[in-house]
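This report concerns only the one structure given below.
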Amino acid sequence: MTFPVVGMVGGGQLARMTHEAGIPLGIRFKLLSDTPQDSAAQVVGDVVVGDYRDLDTLREFARGCDVITFDHEHVPTEHLRALEADGIPVRPGPDALVHAQDKGVMRARLDAIGVPCPRHRIVSDPQDVAAFAAEGDGFPVVLKTVRGGYDGKGVWVVDSAEEAAEPFRAGVPVLAEEKVDYVRELAANVVRSPHGQAVAYPVVESRQVNGVCDTVIAPAPGLDESLALHAEEMALRIAKELGVVGHLAVELFQTRDGRVLVNELAMRPHNSGHWSQDGAITSQFANHVRAVLDLPLGDPRPRAKWTVMVNVLGGDYPDMYSAYLHCMARDPQLKIHMYGKDVKPGRKVGHVNTYGDDLDDVLERARHAAGYLRGTITE
């Protein structure tokens, strides 16, 4: 029997962990990576080093692949259409992926299908930002470049028209949004296959530090059951309406008046789903592999009452391996996931997962391990 080859565009940690999920199934991976040192390039056997923005490179890479998928959303839409015209299955396809590539397109489509979002408008200059603010509750206003932003990059919170000049220097359209008065950030993760089967993971709470995801708690503590169900159903409807194949993360604001509003979409495995590696019956990575190959999807239910993921960020202490002795001895249930990246201050280099029945205990164990690995905790 010949097992399929999954072509993964992008060599980051998401590709690395997706490849890991395919190994037990005998699924073969081919990787298009920027450099041989990229996270996934260190572990995948078949690596092509090249530029995903070059159509000839993409076409050559796609030869011998049964399906193409991604660990980022930056491949030009027109290139993906060309691959489809060549007969290569692309999952998610360009008609879906454009909603994760372009925030303006995403907002317009979500409006059209009746999904609640923050008040928003494409703006042309700082004076237009001031007009947008005046149409609502005034400043502050959130400005986003419509393409290319992630982990807080390409996002500004401005308090005046004078502060609004910088986003326009990039030369791309700018989206203005109201600054939502929210209680916390949530994420609804779902997976959908080509023939329409879909599963939903428990809604999680996502805690950010300086615009970067720091902690994820699964399920979101204290979330009303009806609101959790509403968020899951909304994410499943978005996946269906947009024709998503694979994993979809819907980042949400929980407002003070009891609503949920869509903040961002990601059509790939996502930081808010990393807890599922050790906390769910089937991880987001395993279900993404199943979905792009149109295999039956796995059970997304949690294995434990609580699972907590904390990102490990680089600091001034590069020798993280020496910290394993303490972390593993202190918590034999701890799960450490490192990405093979050079340690740089503030850079995501790994994450830890903990689980159990007592949320305070699970949180403390995860935070201690991540802090010790980074070097901010020394005992």
Side-chain angles (χ1 to χ4, degrees), residues 12-14 16-17 20 37-40 42-43 71 149-157 182-187 204-222 249 251 264 266 269-279 283-284 304-379:
Q13 65 262 25
L14 300 179
R16 181 184 179 111
M17 291 182 279
E20 178 187 5
Q37 291 76 40
D38 284 351
S39 180
Q42 299 172 28
V43 297
D71 93 332
Y150 67 98
D151 282 351
K153 298 177 179 67
V155 179
W156 297 261
V157 179
Y182 61 89
V183 177
R184 58 179 170 175
E185 293 186 57
L186 305 172
V204 301
E205 178 177 339
S206 178
R207 298 180 179 176
Q208 318 295 312
V209 176
N210 298 324
V212 178
C213 178
D214 178 82
T215 302
V216 172
I217 305 173
E251 298 180 67
E264 302 279 0
H270 191 257
N271 207 164
S272 65
H274 288 358
W275 69 273
S276 65
Q277 282 178 296
D278 305 298
S283 76
Q284 65 164 346
K305 183 176 180 180
W306 301 105
T307 302
V308 170
M309 183 229 66
V310 176
N311 278 321
V312 177
L313 302 182
D316 298 325
Y317 183 66
D319 183 14
M320 291 190 175
Y321 180 73
S322 65
Y324 284 8
L325 181 65
H326 168 86
C327 291
M328 293 176 177
R330 185 178 188 270
D331 186 357
Q333 294 187 36
L334 175 70
K335 304 296 184 181
I336 300 173
H337 300 269
M338 301 303 288
Y339 305 153
K341 291 183 172 183
D342 291 337
V343 176
K344 298 178 182 179
R347 185 187 199 187
K348 287 182 191 174
V349 294
H351 67 270
V352 298
N353 286 331
T354 57
Y355 48 88
D357 294 333
D358 185 310
L359 179 56
D360 289 338
D361 173 68
V362 175
L363 271 167
E364 190 279 331
R365 287 160 46 210
R367 288 170 175 163
H368 180 95
Y372 198 92
L373 287 164
R374 188 178 187 183
T376 54
I377 295 174
T378 58
E379 58 182 12

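Throughout, numbering of the chain's residues begins at 1 and tracks the sequence. Remember, predicted model here, so these are calculated numbers, not experimental data.
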Nearest 0.5 Å, what's the [atom1]-[atom2] distance between [X] and [Y]?
X: Y317; Y: S322; atom1: OH; atom2: OG; value: 3.0 Å
X: L14; Y: Q284; atom1: CG; atom2: CD; value: 7.5 Å
X: N353; Y: H274; atom1: CG; atom2: NE2; value: 9.0 Å
X: Q277; Y: S283; atom1: CD; atom2: OG; value: 6.5 Å
X: I217; Y: L363; atom1: CD1; atom2: CG; value: 4.5 Å
X: S272; Y: M309; atom1: OG; atom2: CE; value: 8.5 Å

What are the two closest non-hydrogen atoms of V362 and T354, and how far apart are they?
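Heavy-atom minimum between the residues: O-OG1, 2.9 Å.
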
Minimum heavy-atom distance A370-V310, with the two atoms named
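Closest heavy-atom pair between A370 and V310: CB-CG1, 3.5 Å.
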
Apply side-chain contact (heavy atoms from CB on, under 4.5 Å) to A323 and list each qualifying residue two or more places apart in sequence or on a separate chain.
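A323 satisfies side-chain contact (heavy atoms from CB on, under 4.5 Å) with Y372, L373 only.
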
Decide yes or no for [X] and [Y]: does some side-chain heavy atom of the first lie under 4.5 Å from some side-chain heavy atom of the second?
X: W306; Y: D357; answer: no
X: P219; Y: V204; answer: no
X: D214; Y: N311; answer: no
X: N271; Y: K348; answer: yes
X: V352; Y: V312; answer: yes
X: V308; Y: T215; answer: yes
X: D71; Y: P269; answer: no
X: Q13; Y: M17; answer: yes

Between T376 (side chain) and G371 (backbone), is there a donor-acceptor pair under 3.5 Å?
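Yes; at least one donor-acceptor contact below 3.5 Å.
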
Determine yes or no for a side-chain-to-main-chain donor-acceptor pair under 3.5 angstrom, with S206 supplying the side chain and V216 the backbone.
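No, S206 side chain to V216 backbone: no donor-acceptor pair under 3.5 Å.
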
Between E379 and H368, does the side chain to side chain contact (heavy atoms under 4.5 Å, CB included) criterion hold? Intermediate values first, please.
CA-CA 9 Å; E379 58 182 12; H368 180 95; over 6 Å; no

Sequence neighbours left out, cut at 3.5 Å: what donor-acceptor pairs do the side chains of residues 332-339 make with other protein atoms?
from, atom 1, to, atom 2, distance (Å)
H337, NE2, D278, OD2, 2.8
Y339, OH, H351, ND1, 2.6

Can you list the residues that meet the salt bridge (charged side-chain N to carboxylate O under 4.0 Å, His left out) rule with D361, with sequence neighbours excluded?
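D361 satisfies salt bridge (charged side-chain N to carboxylate O under 4.0 Å, His left out) with R365 once adjacent residues are dropped.
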
Could I get the full list of salt bridge (charged side-chain N to carboxylate O under 4.0 Å, His left out) partners for E205, not counting sequence neighbours?
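With sequence neighbours excluded, E205 shows a salt bridge (charged side-chain N to carboxylate O under 4.0 Å, His left out) to R184, R207, given in chain and number order.
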
Applying side chain to side chain donor-acceptor pair (under 3.5 Å), name anything that partners D342, two or more places apart in sequence or on another chain.
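Testing D342 for side chain to side chain donor-acceptor pair (under 3.5 Å), a comparison that skips the adjacent residues, returns none.
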
Looking at residues at least two apart in the chain, or sitting in another chain, which of them share a side chain to side chain donor-acceptor pair (under 3.5 Å) with R374?
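Result, side chain to side chain donor-acceptor pair (under 3.5 Å) vs R374: none returned.
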
Let me see the working for H270 and E251 under side chain to side chain contact (heavy atoms under 4.5 Å, CB included), right down to the final yes or no.
CA-CA 10 Å; H270 191 257; E251 298 180 67; 3.4 Å; yes

